[in-house]
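A short worksheet on the structure shown next.
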Amino acid sequence: MTVHKPAARSPLMSLDDALASLLGRVVPLSATESVATFDADRRVLAQDLVSALQVPPNDNSSMDGYAVRSADVTAPGVVLSVSQRIAAGHAAEPLRPGTCARIFTGAPMPEGADAVVMQEDTQDVGGNIHGVHIHAVPKPGQWVRRAGEDVARGAVVLPRGERLSPAGLGLAASLGLAHVPVVARPRVALFSTGDELVMPGEVPPQDMKPGAIYNSNRFFLRPLLQRLGCDVSDLGIVPDRREATLAALKTAADHHDLILTSGGVSVGEEDHIKPAVQQLGSLDLWQIGMKPGKPFAYGSVHRGASAAQPCHFIGLPGNPVSSFVTFVLLVRPFLLKLQGAPIPRLQPVMLPAHFTLARADKRREFLRVRRNAEGGLDLFPNQSSGVLTSAVWGDGLVDNPAGASIAHGDSVPYLSFAELLA
Ligand code: AMP
Ligand code: MG
C-alpha cells in the first residue's frame with residue numbers, strides 16, 4: 001500500500017517581499033500626453049511644471065482699507081487725504097506723499113506705499129473733505145502680499161511624478177497653464193472568473209439559482225482602477241473553462257499594460273487562471289503571509305513580437321475583502337510606479353484598541369476597524385474575508401503583526417482608508 005504524504009507547504013512570502021518583488025518588475029510607462037488642466041485630477045505629471053511668471057504678479061493689498069506710506073503715520077489719529085481709489089484689476093498711480101489711497105483686497109499697491117491700514121482702523125473725516133483719520137500706526141509691509149510670495153519666476157512648482165490634486169490643478173492654472181503634460185493612462189483589462197457569478201440586473205434576487213452569487217468585486221475594482229488614472233476595459237465575467245480563459249487573456253494582452261483578474265488563483269481544480277497564463281507567458285503563484293489575501297498571482301502574458309514589454313498579469317483572490325485589501329496594498333503601489341509616481345510609505349497612526357483579539361493569527365492581519373468617538377478603534381465582529389460589510393463599516397485597517405494578540409487598550413497601528421484609497 002502506498003502512503004501518500006501530504007505535500008510540503010511552501011513557506012509564506014512576506015507582504016513586504018511580495019511588494020518589493022512586484023515593484024521590481026515595473027518599468028514606468030514612457031508615453032505621455034497633454035491634457036486640459038480641468039481634466040487632470042489624479043493624473044501624474046510627466047514633466048516639472050516651471051513657472052514663467054511670479055504669483056502674485058505684483059505687490060497687492062490683502063485687506064480692504066487704505067494704502068499708505070508708513071512714514072506718514074507716526075501717531076494714531078493722523079489725517080490723510082485720499083488721493084486715489086484702486087480696485088482689484090485696475091492700475092495704480094504712484095502715491096503722493098502725505099496722502100493715502102482707498103484700496104481693496106487684491107488691488108495693486110501704488111508705488112511709494114508700503115503698508116495698508118484696514119478700513120476698521122480708519123474713520124471718514126466727513127464734510128466735503130475727502131480724508132480719513134488713521135487710528136492705528138501701521139508697520140511697514142502690513143497687509144501687503146508681496147509679488148512672487150506664492151511662486152517665484154522659474155520655480156519648479158510641481159515636480160514630475162506628482163499626482164495632481166484639486167489644489168495642484170489650481171496652482172497650475174495660476175501659472176496660466178490650460179494644459180498639463182501627464183503620463184499616459186495605464187491601460188488595464190479587468191475580468192472576473194467564476195461560474196457562480198451573476199451580474200446584478202441580469203437575474204433578480206428571488207430567481208438566483210442555488211450557489212449563484214452576484215459579482216461584487218467588479219464593482220469596486222473598476223472604480224479603484226479609475227481613481228488611479230487607469231483606462232479600464234471591463235471584460236466582464238469569464239467562465240471557469242480553459243479555452244475561455246485563454247481567449248480572454250490573448251485578446252487583452254495586445255492592447256493593455258496590465259490584465260487584472262479576481263478569483264481562480266487558489267489551487268482548486270476549477271482555478272483555470274494558472275495554467276492559462278502559464279501557457280501564454282509565465283506566472284508565479286504567491287502565498288503571501290497576510291490575512292485576508294493569501295493567494296496572489298503575478299505573471300506576464302506575451303504579446304506580438306513587436307511589443308517591447310509583455311503585458312503584466314495580476315490575479316487577485318476571489319473573496320471580496322481579500323481582493324479589496326490586496327488591491328490597496330499591492331496593486332495600488334504597482335500602478336503608481338507604472339505611472340512614475342513615488343510610492344507613498346504607509347504611515348500608520350498608533351491608536352488604542354477598544355477591543356481584544358485573543359487568537360493571534362500566524363499571518364500579518366489587516367483588521368477592519370472604525371474610529372470611535374473616544375478616539376479608540378472598534379473592531380468589526382466578523383473578520384471573514386468574504387464579508388464585504390466589514391470594509392464598508394470600517395474606516396481603516398489595523399496592521400497587526402503575525403502572532404500578535406491584542407488586549408483592550410493596546411496601542412495598534414491604524415491605516416485609514418482615506419489614505420489607502422487617496
Ligand atoms: P476563488 O478565488 O475563485 O476560489 O473564489 C473565492 C471565493 O470568492 C468564492 O467564494 C467565490 O465565490 C468568491 N468570489 C470570487 N469572485 C467573486 C466576485 N467577483 N464577486 C464576489 N465573490 C467572488
Ligand atoms: Mg473561483
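Read the numbers this way: they start at 1 and go in the same order the structure lists the ligands and their atoms.
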Cation-pi between Arg370 and Phe380: NZ/CZ under 6.0 Å from ring centre and within 45° of the ring axis?
no
Can you list the ligand 1 atoms lying under 4.0 Å from a non-hydrogen atom of [X]?
X: Glu196; result: 11 (C), 12 (O)
X: Ile213; result: 12 (O), 21 (C), 22 (N), 23 (C)
X: Gly264; result: 1 (P), 2 (O), 3 (O)
X: Tyr214; result: 20 (N), 21 (C)
X: Asn215; result: 18 (C), 19 (N), 20 (N)

Nearest-contact summary for [atom] - protein heavy atom, Å:
atom: atom 21 (C) of ligand 1; value: Ser216 OG, 3.2 Å
atom: atom 2 (O) of ligand 1; value: Gly318 N, 3.1 Å
atom: atom 4 (O) of ligand 1; value: Ser266 OG, 3.6 Å
atom: atom 10 (O) of ligand 1; value: Asn319 OD1, 4.2 Å

Using non-hydrogen atoms of the residue, decide whether Gly194 is closer than 4.0 angstrom to ligand 1. no
Are the ring centres of Phe324 and Phe366 closer than 6.0 Å?
no
By salt bridge (Lys or Arg N to Asp or Glu O under 4.0 Å), Arg187 pairs with (sequence neighbours left out) Asp257
By salt bridge (Lys or Arg N to Asp or Glu O under 4.0 Å), Glu365 pairs with (sequence neighbours left out) Lys291
Show your working on side chain to side chain donor-acceptor pair (under 3.5 Å) between Arg42 and Gln226 and close with a plain yes or no. CA-CA 10 Å; Arg42 301 176 197 256; Gln226 285 165 337; over 6 Å; no
message = Taking NZ in Lys337 as the centre, count heavy atoms belonging to other residues, nucleotides or ligands within less than 6.0 Å. Is the count above 12?
response = yes
- Relative to each other, are the rings of Tyr298 and Trp286 parallel, tilted or perpendicular (30° and 60° limits)? parallel
Just wondering, do Val117 and Met63 contact through their side chains at under 4.5 Å, heavy atoms? no
Q) Does an N or O from Gly263, backbone or side chain, lie closer than 3.5 Å to an N or O of ligand 1? A) no
